[in-house]
Chemist: 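This structure is in structure tokens; I'll ask about it shortly.
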Amino acid sequence: MSLDKATVRRIATLARIEVPDADLEATAAQLSGILSWIEQLSEVDTSNVAPMSGGIDMESISTKPRWREDKVTDGGQTEKVLANAPDPQDGGFFGVPKVVE
Amino acid sequence: MTDLTSLTIAAARDQLAKKEFTALELTEAHLAAMDKAKDLNAFIVTTPEIARERAKAADARLQSGKAGALEGIPLGIKDLFCTEGVQTTAASHILEGFKPPYESTVSQKLRDAGSVMLGKLNLDEFAMGSSNMTSYFGKVKSPWKAKGRSDDLVPGGSSGGSAASVSACLAMGATGTDTGGSIRQPAAFCGIVGVKPTYGRCSRWGIVAFASSLDQAGPMTRTVRDAAIMLKVMCGHDPKDSTSAPLSVPDFEAVLKQGVKGLRIGIPKEYRPDGLNAEVAALWDQGIQWLRDAGATTIDISLPHTKSALPTYYIVAPAEASSNLARYDGVRFGQRVEGKTLDEMYAKTRAAGFGTEVKRRILIGTYVLSAGYYDAYYLKAQKVRALIARDFNEAFEKCDAILTPTAPTAAFGLNDKQDDPVAMYLNDVFTVPASLAGIPGASVPAGLNKDGLPLGLQVLTKRWDEETMFRVCQVLEDAAQFPLLKGAR
Amino acid sequence: MSYIIKGDTGDWEVVIGLEVHAQVISKSKLFSGAPTEFGAGPNTQVSFIDAGMPGMLPVLNGHAVEQAVRTGLGLKAKINKRSIFARKNYFYADMPQGYQISQYDMPIVGEGTIVLDMPDGTSRSVGIERLHLEQDAGKSVHDQHATKTCIDLNRSGVPLMEIVSKPDLRSPEEAGAYLKKLRSILVYLGTCDGNMEEGSMRCDANVSVRPVGSTELRTRCEIKNVNSMRFVMQAIEHEAKRHVEVWESGGAVDQETRLYDANRNETRSMRSKEFAHDYRYFPDPDLLPLEFDDAYIAKIQATLPELPDDKKARFIKDYGLSAYDAGVLVAEQENAVYFEGVAKGTDAKLANNWVSTNLFGLLNARGVSISESPISAKNLGRLVQLIADNTLSSRMAKEVFEMMAADGKDPDTIVTERGMKQITDTSAIDAAVDQIIAANPDKVAEYNSGKVQLMGWFVGQVMKATQGKANPGMCGELLKKKLG
Ligand SMILES: [Mg+2]
Ligand SMILES: [Zn+2]
């Protein structure tokens with residue numbers, strides 16, 4: 001599979017990573033290299049195979065659902081929540097550039 | 001007095017209990033060693049004040065007979081674990097300056113057991129790498145050198161800072177995390193023990209996520225016994241992590257002397273491809289012989305989907321990473337590059353904040369999940385992953401443990417040209433299958449190649465059977481008599 | 001009662017599907033222990049999980065699961081014993097993780113049905129496509145600062161049920177009836193408070209049009225986040241007209257997300273959210289598949305209350321009410337409960353009149369809800385009894401009702417205090433009738449010569465003579481006999 005520049009631009013936009021136009025070509029070539037290597041997977045027969053849904057095989061441990069009780073155990077820590085904010089705003093908000101809807 | 005930094009955790013624990021030295025003395029010895037070894041760049045930040053404070057508290061508890069399992073033991077913490085009030089960066093510029101207002105479950109457990117944090121260890125950025133060359137805070141050097149040469153070597157990765165610091169006796173042990181081999185491969189490169197437990201053994205809460213379905217924390221130590229001691233403290237059920245297993249924690253240390261008599265050791269033929277490094281192959285054969293000598297039987301097994309493991313991993317891991325790393329957006333924490341619009345701010349922040357390899361993996365991950373490609377890539381990979389797990393399940397009906405090499409080569413040069421990402425990914429070819437299957441795996445230093453560089457052997461067992469894994473590791477360690485740096489044992 | 005848009009080229013019908021986001025009634029969030037209460041100060045109800053801090057992991061709130069199953073059962077829907085939480089990936093300032101944890105191809109609840117009660121008393125079935133659990137985003141505040149948008153994450157992680165209808169609705173009225181009925185069911189079940197002003201229920205409408213008689217589905221537009229039933233209906237009406245105009249002018253409707261502006265009564269394109277929708281859904285590896293067994297479902301089923309449709313059927317059967325009257329009463333659970341309190345042991349139709357006309361009239365005039373009614377169901381029930389057993393005439397009853405509304409006293413006390421017993425003793429009324437006839441020979445003559453409408457005047461005179469206490473029916477009968 002080889003990616004073109006437009007595709008790289010599209011996924012870079014989706015991923016919110018600025019890729020300068022000058023780098024598109026090289027990035028496309030590199031990603032294409034990785035993808036064509038990955039493509040060997042298509043040779044594996046996976047008919048009738050259920051996909052693994054995570055890293056853990058719960059059946060081997062417990063069938064009991066592991067859910068939280070509906071209790072308030074958190075919150076009330078605005079200072080800590082905002083402590084690392086690059087642009088905190090008066091009143092206890094995070095600030096971002098003005099969004100026009 | 002012997003050099004306190006060359007002691008094992010087990011020895012230090014016993015001698016601290018006998019008051020042969022204090023926790024503070026032990027900590028000071030390590031802080032001094034760290035100072036002298038700054039050149040390795042193993043730490044991103046050191047925390048001597050915290051270390052001294054905790055060492056003093058440990059001494060008080062030792063005095064009053066309330067010592068924990070790791071009381072006074074100086075450890076390094078991989079900078080992927082969030083540590084309360086101490087900068088946590090995942091070796092990324094985007095998190096530079098981030099001080100979490102919380103402590104990861106694993107580092108909290110180590111703290112509660114009385115251990116002393118020396119600092120935050122360097123790694124590949126967001127744990128993405130096998131060489132520790134992708135850290136924003138600079139490469140880590142291995143303390144090892146090839147015979148008769150002075151050029152620097154990589155410590156492996158991503159837990160390269162952890163491996164280097166433990167190998168160089170800057171810390172008695174360190175936490176690592178393993179997504180596709182990031183504990184085992186650097187352990188092999190640096191001649192130490194590295195254990196990746198079963199997925200779900202250690203809580204992932206508070207560990208900066210790379211690939212959630214693969215990430216597992218584990219200990220990196222100089223001996224198998226030390227790894228058993230440390231792992232027991234690190235693991236256990238955590239209700240804050242839905243994927244943490246509600247199982248009790250075995251006493252790993254207690255099984256070490258049980259040996260391997262009667263165990264069936266599987267030798268997978270797929271791990272011996274054409275062109276396998278001859279010294280690696282020879283060490284593997286040596287390992288087989290050691291286990292036989294100790295009373296185990298060995299059988300040939302097949303893990304037919306081994307070849308597909310790496311490409312599978314390089315779909316699953318980047319896909320999950322592309323989503324896990326979306327939160328680094330410059331809004332709530334970390335670095336921000338301003339922009340005129342929100343989207344411009346995002347794109348500039350993430351372009352400047354992430355390094356090349358991280359960006360590459362985010363783009364791959366975004367692509368394989370995107371509309372029209374999901375089935376062909378991500379879904380396909382999760383199906384192949386199920387086949388890989390099934391391979392192991394079937395193998396473990398025939399054998400109790402599997403022995404393989406940890407890495408296809410010994411450590412390579414720090415300044416070797418690394419412009420082919422796929423070639424770099426091949427470092428993990430022997431470690432990735434176990435990661436995908438979620439089974440436990442450990443690397444034990446087993447010998448030196450002709451250049452005098454460490455080579456490791458990998459032991460794999462079925463899920464939740466770390467005890468058998470430790471028994472096999474102990475036999476290998478005893479047989480190998482691996483020449484640790486500074487003669488530490 | 002079909003809804004037709006008359007175009008230049010012919011008649012058009014509108015095809016509507018609704019997606020309702022209903023906030024689950026719960027103390028804590030879907031994946032964290034932070035509170036869900038409305039109206040708290042910015043970022044005071046935020047856990048590190050809700051803020052998407054590094055290394056934070058979601059843990060599912062079991063009560064939210066129960067609420068979703070409960071709602072599914074109330075919608076007579078298929079409950080999926082295994083469902084999957086998936087990440088919906090996109091960037092937005094008030095979405096801290098960079099993805100929303102939602103459900104995609106395996107939701108917790110599958111197909112179900114809602115029966116609409118139309119204003120003309122008819123009913124009609126509308127399909128439910130699915131219900132899934134997901135977390136809410138935070139709030140962007142745009143008017144706080146000249147050049148910044150301010151982010152409050154209090155709502156981040158609040159549990160929502162997204163309830164998706166099939167494209168079965170054909171008019172703005174049906175859309176309104178659907179929302180009303182859905183809200184009613186959720187409130188009955190206690191799974192959502194249905195408060196649209198506080199955003200506990202928000203609606204997205206998918207609208208398309210097609211020529212009458214056609215079965216094709218043309219390009220639809222999604223109108224986002226309309227926050228009142230009236231606005232939903234207005235937005236649909238406007239959007240459907242816009243589509244007809246676009247198609248008839250030879251253009252094509254673009255599939256897009258639009259925003260309804262209530263002030264201008266128009267929809268407009270949300271270009272900012274428009275570009276490159278590619279949510280890259282995949283199963284959330286931080287969460288296990290959501291699984292439960294039949295016993296779990298049965299346990300919840302056993303606690304389900306009587307729902308509006310069943311209650312309505314019972315009201316028709318047991319109380320002899322019309323479908324329309326029963327529908328009005330059951331729409332709000334509190335009204336139905338009140339009605340049953342009034343109707344107990346008395347004439348149900350009379351009870352319905354007094355509840356639906358007099359009481360609702362009073363509450364409307366005062367602008368209060370039934371829970372704040374000055375007249376208890378028990379007292380109103382007693383009043384109805386007094387009318388049914390002829391103790392009070394309806395005119396007297398109205399006076400008593402006013403007094404009950406004024407001071408909350410029970411009707412027996414009022415009747416006793418004021419001596420307001422209706423006279424049903426024939427001899428007492430007889431005397432009054434005789435006296436009126438004797439005193440008004442001219443009117444009697446007029447009546448007998450054919451001016452029968454004078455009967456009303458005679459009854460009035462008798463009532464006056466008895467200070468309004470005579471039973472008007474009996475007066476009429478006696479007068480007729482004696483005059484005739
Ligand atoms: Mg939707
Ligand atoms: Zn939704």
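Naming: A, B, ... by sequence-line order, numbering from 1 per chain. These values consider heavy atoms only, across backbone and side chains, with no hydrogens, waters or symmetry-generated copies.
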Chemist: For the rings on A:Trp67 and C:Phe31, is their centre-to-centre separation under 6.0 Å?
Modeler: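 Ring centroids of A:Trp67 and C:Phe31 are no less than 6.0 Å from each other.
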Chemist: For residues A:Gly91 and C:Pro42, report the shortest heavy-atom separation together with the two atoms involved.
Modeler: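 Scanning both residues completely, I find the closest heavy atoms to be O-CG, 3.1 Å.
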Chemist: Taking the side chain as every heavy atom from C-beta outward, state whether C:Arg280 and A:Leu14 have any atom pair closer than 4.5 Å.
Modeler: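 They are in contact (side-chain heavy atoms under 4.5 Å apart), so the answer is yes.
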Chemist: Ignoring hydrogens and geometry, is there a side-chain-to-backbone donor-acceptor pair from C:His145 to A:Gln89 under 3.5 Å?
Modeler: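 Between the backbone of A:Gln89 and the side chain of C:His145 there is no qualifying donor-acceptor contact (under 3.5 Å).
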Chemist: Donor-acceptor check, side chain of A:Arg68 to backbone of C:Ser32, threshold 3.5 angstrom: yes or no?
Modeler: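 Yes, the answer is positive, given that a donor and an acceptor are paired below the 3.5 Å cut-off.
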Chemist: Scan C:Ile151, C:Asp152, C:Thr149 and name whichever one has a side chain to side chain contact (heavy atoms under 4.5 Å, CB included) with A:Phe93.
Modeler: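 For A:Phe93, the side chain to side chain contact (heavy atoms under 4.5 Å, CB included) test succeeds with only one of C:Ile151, C:Asp152, C:Thr149, which is C:Asp152.
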Chemist: For atom CD of A:Gln40, is the number of surrounding heavy atoms from other residues, nucleotides or ligands below 6.0 Å larger than 12?
Modeler: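 Counting other residues, nucleotides and ligands, CD of A:Gln40 exceeds 12 neighbours.
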Chemist: Under 3.5 Å, is there a donor-acceptor pair between the side chain of A:Asp70 and the main chain of C:Ser26?
Modeler: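 No.
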Chemist: State, yes or no, whether a side-chain contact exists between A:Val99 and C:Tyr92 at a heavy-atom distance under 4.5 Å.
Modeler: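 In short, these two side chains touch, coming nearer than 4.5 Å.
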Chemist: With a 4.5 Å cut-off on heavy-atom pairs, point out which of C:Gly41, C:Gly62, C:Ser28 contacts chain A the most.
Modeler: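 Counting heavy-atom pairs under 4.5 Å, the top option is C:Ser28.
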Chemist: Where does C:Gln144 contact chain A at under 4.5 Å (heavy atoms): side chain, backbone, both or neither?
Modeler: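 Looking at C:Gln144, just its side chain touches chain A.
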Chemist: Is the side chain of A:Gln77 donor-acceptor paired with the backbone N or O of C:Val46 at a distance under 3.5 Å, no angle test?
Modeler: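 Between the backbone of C:Val46 and the side chain of A:Gln77 there is a qualifying donor-acceptor contact (under 3.5 Å).
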Chemist: C:Leu290 versus chain A, heavy atoms under 4.5 Å apart: side chain, backbone, both or neither?
Modeler: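 Just its side chain gets close to chain A.
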Chemist: If you round to the nearest 0.5 Å, how far is NZ of C:Lys27 from OG1 of A:Thr73?
Modeler: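 Answer for the OG1-NZ pair, A:Thr73 versus C:Lys27, is 12.0 Å.
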Chemist: Do A:Val72 and C:Pro35 have side-chain heavy atoms sitting under 4.5 Å apart?
Modeler: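 With C-beta onward as the side chain, the pair touches.
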Chemist: Can you tell which of A:Asp90, A:Val81, A:Val96 has the highest number of heavy-atom pairs within less than 4.5 Å of chain C?
Modeler: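 So the answer, after comparing A:Asp90, A:Val81, A:Val96, is A:Val96.
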Chemist: Once you round to the nearest 0.5 Å, how far does CG of C:Asp94 lie from CZ of A:Phe94?
Modeler: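 The CG atom of C:Asp94 sits 12.0 Å away from the CZ atom of A:Phe94.
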Chemist: Can you tell me which portion of C:Ala40 sits under 4.5 Å from chain A's heavy atoms? Options are side chain, backbone, both or neither.
Modeler: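 Looking at C:Ala40, nothing touches chain A.
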Chemist: Is there a donor-acceptor contact under 3.5 Å from the side chain of A:Lys98 to the main chain of C:His142?
Modeler: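 The answer is yes, because a donor-acceptor pair under 3.5 Å joins these two groups.
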Chemist: Under a 4.5 Å heavy-atom cut-off, does chain A meet the side chain of C:Leu153, its backbone, both or neither?
Modeler: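 Just its side chain gets close to chain A.
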Chemist: Has A:Glu79 got more than 12 heavy atoms of other residues, nucleotides or ligands less than 6.0 Å from its CD?
Modeler: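 Open: at most 12 neighbouring heavy atoms sit under 6.0 Å from CD of A:Glu79.
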Chemist: Do the side chains of A:Arg10 and C:Asp278 get close enough for a salt bridge, i.e. N-O under 4.0 angstrom?
Modeler: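 Yes, charged N to carboxylate O under 4.0 Å.
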Chemist: Heavy-atom pairs under 4.5 Å with chain A are the metric here; pick the option from C:Tyr296, C:Phe282, C:Phe91 that has the most.
Modeler: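 Heavy-atom pair counts peak at C:Phe91.
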